[in-house]
Number of protein chains: 2
Amino acid sequence: MKTQDQCPQCSRINEVLSRVGDRWSVLIVISLARYGTLRFNELKRNLGISQRMLSRTLRELERDGLVNRTYHPTIPPKVEYNLTPMGESFRQPVEILGQWALDNITNIDAAREKFEANHADA
Amino acid sequence: MKTQDQCPQCSRINEVLSRVGDRWSVLIVISLARYGTLRFNELKRNLGISQRMLSRTLRELERDGLVNRTYHPTIPPKVEYNLTPMGESFRQPVEILGQWALDNITNIDAAREKFEANHADA
DNA sequence: CGGAATCCCTCCTGATACTG
DNA sequence: CAGTATCAGGAGGGATTCCG
């Protein structure tokens, strides 16, 4: 399916957001932005994410150039993650989005309740 | 699974982003922000979205208080959509995110190629 | 500790066909 | 025109197990 010419940038925006716009990527970036450098299990505990999704998402973020991965070949192993410059540049848009989310969650809940109420008039 | 105390807001941010953070919601808000008021099939053509997803997403956006739906009981029927004040307030975060996406798509592509190259050394 | 691999299930998403 | 209903495929994501 092709995006039409009315919103020519929509498809490209879509493309990027499909990559870095999912919930786990966003939350990982927020965490790394706030705490600087974190280890694998620190992120895991902080976010309440499964091992599988964390390693998967981190690898994608590394591949897309948003996150640095530093492997310390000690015993036991130690792997640290932090943001690259591009990851840092992603921080502001994400923080703004996150702040909006926090600011409007109650509004959304209220709108939902109202909507449900209006549609419950059997 | 519960989000831990290190990032207490992450779960709430996650909550909101799960609602309005999907690709279609974002693109619909962007379109309505740019064009003001659009009809159902105008949105459909602009975004290259399926009927099903469009009606579904629009209903959710209406329910969450981001979009107004105006039904004109004419023949043929005519339904118009535009942003509510809360929808407008969502516009800035979304536009910023969209702009970052456009600005960095080439960087991401480059990072990917480099990553793939480095991991192709058999 | 930091993963990779496997299993399994849900939800998202699109295609198609039908209705007012 | 603006939907709804139904079906089917694929991706998202958790739990568990095993390895370096």
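Here the structure is a predicted model, which is why all the values come from computation and not from measurement. Chain identifiers are assigned alphabetically (A, B, ...) following the order of the sequence lines, protein sequences preceding nucleic acid strands; residue numbering begins at 1 within each chain.
Between the A:Ser89 side chain and the A:Met86 main chain, a donor and an acceptor come within less than 3.5 Å of each other.
Taking atom NE2 on B:His72 and atom C1' on D:dG3, their separation rounds to 16 Å, with Å as the unit. One atom, CG of A:Leu17, and another, P of D:dG12, lie 15 Å apart when rounded to the nearest Å. The CD-C1' distance, from A:Glu62 to C:dG3, rounds to 13 Å in whole Å. B:Ile49 places its CD1 atom 14 Å from the C1' atom of C:dA15, with the value rounded to the nearest Å. Taking atom CG of A:Leu54 as the reference point, atom P of D:dG12 lies 16 Å away to the nearest angstrom. Atoms CG (A:Asp22) and P (C:dT13) sit 12 Å apart, rounded to a whole Å. Summarising the geometry, the separation between NZ on B:Lys44 and C1' on C:dG14 is reported as 11 Å, rounded to the nearest angstrom. Between A:Leu47 atom CG and D:dG13 atom C1' the separation is 15 Å, expressed in whole Å.
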Side chains of residues 68-78 of chain A: which donor-acceptor pairs under 3.5 Å do they make with residues two or more places apart or in other chains?
residue, atom, partner, partner atom, Å
A:Asn68, ND2, A:Asn82, OD1, 3.4
A:His72, NE2, A:Glu80, OE1, 3.2
A:Thr74, OG1, A:Pro76, O, 2.8

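Pairs engaging residues 86-100 of chain A under the salt bridge (Lys or Arg N to Asp or Glu O under 4.0 Å) rule: A:Arg34-A:Glu95, A:Glu88-A:Arg91, A:Arg91-A:Glu95 [sequence neighbours left out].
Map A:Tyr81 and B:Thr57 each onto its nearest nucleotide of DNA chain C; the residue landing nearer the 5' end is A:Tyr81. Across the interface with DNA chain C, nearest-nucleotide mapping of B:Trp24 and A:Lys78 shows A:Lys78 to be the residue nearer the 5′ end.
B:Ser55 has a side-chain polar atom (N or O) that falls below the 4.0 Å cut-off from OP1 or OP2 of D:dT4. The shortest distance between the side-chain N/O atoms of A:Ser50 and the OP1/OP2 oxygens of D:dG14 is below 4.0 Å. For A:Arg59 and C:dG3, the shortest distance from a side-chain N or O to OP1 or OP2 is not below 4.0 Å. Residue A:Tyr71 places none of its side-chain N or O atoms closer than 4.0 Å to OP1 or OP2 of D:dG20.
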Are there any protein N/O atoms within less than 3.5 Å of an N/O atom in nucleotides 16-20 of chain C, and if so, which ones and at what distance?
none

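In the set D:dG12, D:dG13, D:dG3, D:dG12 carries the atom at the smallest distance from any side-chain atom of A:Arg56. In the set C:dG2, D:dC1, C:dT13, C:dG2 carries the atom at the smallest distance from any side-chain atom of A:Arg39. Nearest nucleotide to the side chain of A:Met53, out of C:dG3, D:dG13, D:dG3: D:dG13.
Contact annotation: the side chain of A:Leu27 approaches that of A:Trp24 to within less than 4.5 Å [non-hydrogen atoms, C-beta and beyond]. A:Arg112 is listed as a side-chain neighbour of B:Arg19, based on a closest heavy-atom distance under 4.5 Å.
Residues B:Ile96 and A:Leu102 do not share a hydrophobic cluster, clusters being chains of Ile/Leu/Val/Met/Phe/Trp/Tyr side chains in contact below 4.5 Å. Placement of A:Leu58 and A:Val79 within a single hydrophobic cluster is found when ILVMFWY residues are connected by side-chain heavy-atom separations under 4.5 Å, directly or transitively.
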